[in-house]
Structures are given as C-alpha cells and as structure tokens.
Amino acid sequence: VFDSSELGPDAPAEALPDLPPLLQPLAGDPDFERLMVELAKAKPKAEPAKLGVRGPNGVIPDAIVPKMRCVVIITDVHVPDNDKPLWKAFLKFVADLLPDEIVLGGDFLELESCSQHAGANLIMYAHDVDAGNAALDALQSASPATKVTYLEGNHETRLSRFLSSKAPTLMGSLGLPAALRLDARGIDWVPEDQQPIARGDLDILHGHQMGTGKAHSLPKYHSNRAIEVYGRPGRTVTYGHTHKPQRMTLPSVGGNKRAVGLGCGRTLKPGWLHGSEAGWEHEFGLAYIHPNGQTDYYQLKVVNGVFVWAGHVYDGNA
Ligand SMILES: [Fe+2]
Ligand SMILES: [Fe+2]
C-alpha cells in the first residue's frame, strides 16, 4: 500500500515518467505522481525477445508452436514459367521454417511439351522434365528433412492425354513420377482421382476435378463450387487451379463448411494471355495442425516477390 506520508514537498520532478495525454490532468496530484514514480521503478527492464530457433535465421518462435505439424501448400507453380522472385522468396522461407510437409498442389509443371493447345510452343519434353527436376532439387535442398507430397494437376495430366491421342502405344511407358525420380526423392505422388488428401481439418486437391462442361471450367464463384462438391461439416477444402484467391463459408450442422481457393506461384502475365486481365494473384498456404486436429490455415499473399512472416521480410528480388 502506498504511504503518502513518505511524499516530500519536493518530489523529484525529473523522475516522473512522461504522462500519456489522457493522464496529464492528474499531474500535480502528489499521490498520483508518487505512484507513477513507483510504477516506473517497478517496471522490468525491457529485454529483446528471445526466439526459439527453428530455422537457421531463428525467425519462428518455437515456444509458440510446440508439437504442431506444419504443412506448407504451394500450387500452380507451372515450372519453368514459375515467378522467379516468388520462388526465391519461397525457398528462403522454407529454409527458415523447415516445415514437416510441403504439398505441391498440382500444376507444379507447365509441361508445354505435351500441350495440345493450337498456339503452344514447341518445347522438348526433356526440357520440361529437367526444369522440374531442378526445381525439386532446389526445394528439397532448402529443407532436406521435409516430406514432399505432389498432387497431380491438369498440367501433369497433359502427358497422359498427349500420349493417348498422339502415341497410345506408349501409354504407361512414360510417366512423370519416374521422370522426376519421385521414388528416389521420397516424394509421394497423388493422382487426380485420389484427391483430396486430408491434413488436419484441411482437404487439399488441385481443383480441376470440380470443372464442368466440355472445357471442365470452373465458375466465377469457384469457392461455392468447391463447397458443393467437397464441402464437409467442420472442414476446409483448399485448392488451386484457378490462380485466383477466393473463400467461402457455409453454415452446416456439425460445423461450417469452408472453401479456400489459393492463388498461384506462376508468372502472372504470360504472353498467351495477350494482355487480358486474368485476376491471378501470388499466394501460398501455411497450416499448423494442433494435436487435436484443429488446423490454423493462413494464406500468405506475395506481392512482387515479397511477403512477411513471423516478423521477417522475404524478398525474392534481393
Ligand atoms: Fe494452374
Ligand atoms: Fe490447373
């Protein structure tokens, strides 16, 4: 209890801390001033925050995320048409975070060599495969212990569609899992018809599977479509393919159904768009899975190759 009898007539004015504007009317009240001096003395000295070291730069405070499984989801990278600053920043992030798992959400490869679009460039299949292997090498050397799971997207299925129409006798003798040496890399391959995969309360798929009509296109409100097809009470379905971030929540008995469409990792203005506005954005996902399965799912926006996470700026232009 503060004893005001200790307050001398000349209380040390210089020891009085600066008062915020709201408290200034109380200045001059000896009891108040003495209390403020005592409080200032009692205040512990500020120490720089101590961060647990999860990666080489120590940017992720381990104390905050104990025993949680950490899954990073990046989709629609379309190597070799990946956005170079984004990819560089992403690799730095992975090297810091050392996540338990990275899910490549489909269309990791562009595979233009197998495109049957009229305007496709003549690219050698070996060139596409080499670019894919180089990108996987970079990803796995950023965090060697991270489990990688590769979802087949519609760009990966270009190979089987090309073979079935142009060289059906080669069907089954050429495949991306072998070309990308996924077995040797320890990477799991998830074919389009075995998606979504479940991680915590997230269900993850590429997204082309929701397409309708001849063109297998997705509607403008694709997150609505995702809930219609894959929505489950209390769970979140997340997907790529559209390259356009979008989310929706639908009330449901047993928990809301949620859908999160992720942006992409590819370049945003490829020549074949001929300048049209596609609405694509750069983004990837980060999920922390609690021991009870609750999943905190963040979408990290990347703008011009730069994003911020855990107080650290990741700049792929540097
Ligand atoms: Fe895509
Ligand atoms: Fe796609």
Side-chain angles (χ1 to χ4, degrees), residues 72-87 90 102-117 119-121 123 128-129 131-132 135-136 139 148-162 176-177 180 189-197 202-226 228-230 237-247 259-274 276-285 299-302:
V72 172
I73 303 157
I74 186 165
T75 183
D76 296 274
V77 183
H78 290 260
V79 171
D81 296 342
N82 52 308
D83 185 82
K84 302 305 178 290
L86 178 147
W87 184 244
F90 180 74
I102 294 173
V103 175
L104 303 174
D107 291 0
F108 183 68
L109 289 191
E110 172 69 12
L111 222 60
E112 180 147 22
S113 56
C114 301
S115 171
Q116 298 185 73
H117 287 298
N121 292 310
I123 305 270
D128 279 338
V129 165
L136 290 176
L139 186 68
V148 178
T149 302
Y150 190 142
L151 307 190
E152 184 181 40
N154 53 301
H155 278 253
E156 280 79 18
T157 66
R158 277 179 165 182
L159 174 60
S160 54
R161 288 183 283 137
F162 180 89
L176 279 179
L180 297 173
W189 168 263
V190 185
E192 58 181 354
D193 60 355
Q194 289 174 32
Q195 302 169 25
I197 57 170
L202 275 182
D203 295 315
I204 313 168
L205 77 159
H206 178 59
H208 65 293
Q209 299 95 329
M210 303 183 282
T212 53
K214 253 188 177 176
H216 298 283
S217 54
L218 285 186
K220 182 177 183 181
Y221 301 111
H222 45 81
S223 54
N224 183 39
R225 173 81 181 148
E228 278 176 0
V229 182
Y230 293 101
V237 56
T238 191
Y239 58 94
H241 183 60
T242 73
H243 307 178
K244 291 180 268 197
Q246 199 175 98
R247 65 186 299 159
V260 176
L262 274 180
C264 64
R266 65 152 303 136
T267 54
L268 296 180
K269 307 267 181 191
W272 53 263
L273 278 178
H274 301 294
S276 63
E277 295 295 340
W280 298 353
E281 295 204 351
H282 282 155
E283 199 178 55
F284 65 92
Q299 296 84 52
L300 277 72
K301 190 77 68 195
V302 184

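Every value quoted in this text rests on a predicted model; they were computed, and no experiment measured them. For ligands, and for the atoms within them, numbers begin at 1 and follow the listed sequence.
Not a single N/O/S atom of His208, whether from backbone or side chain, sits less than 2.8 Å from the Fe ion (ligand 2). Using a cut-off of 2.8 Å, one finds that His206 contributes an N/O/S atom close to the Fe ion (ligand 2). His241 lies apart from the Fe ion (ligand 1) in this respect, since none of its N, O or S atoms is found at a distance under 2.8 Å. For a distance bound of 2.8 Å, the N, O or S atoms of Cys264 include none lying that close to the Fe ion (ligand 1). Residue Thr242: no N/O/S atom is found under 2.8 Å from the Fe ion (ligand 2).
The shortest heavy-atom contact between Thr212 and Arg225 is CG2-NH2, 3.1 Å. Shown here for Leu273 and Leu268, the closest heavy-atom pair between the two residues is CD1-O, 3.8 Å.
Two rings, from His78 and Phe108, have their centers 6.0 Å or more apart.
The environment of CD in Glu277 is sparse: at most 12 heavy-atom neighbours from other residues, nucleotides or ligands sit within 6.0 Å.
The pair Glu281-Lys244 does not meet the salt-bridge criterion, since no charged nitrogen lies less than 4.0 angstrom from a carboxylate oxygen.
The side chain to side chain donor-acceptor pair (under 3.5 Å) test with His208 singles out one residue from Gln195, Glu152, Glu192, and that residue is Glu192.
Atom OD1 is the N/O/S atom of Asp76 found closest to the Fe ion (ligand 1). Among the heteroatoms counted here (N, O or S) of Asp107, OD2 is the one nearest to the Fe ion (ligand 2).
To the nearest 10 degrees, the angle centred on the Fe ion (ligand 1) between NE2 in His243 and NE2 in His78 reads 90°.
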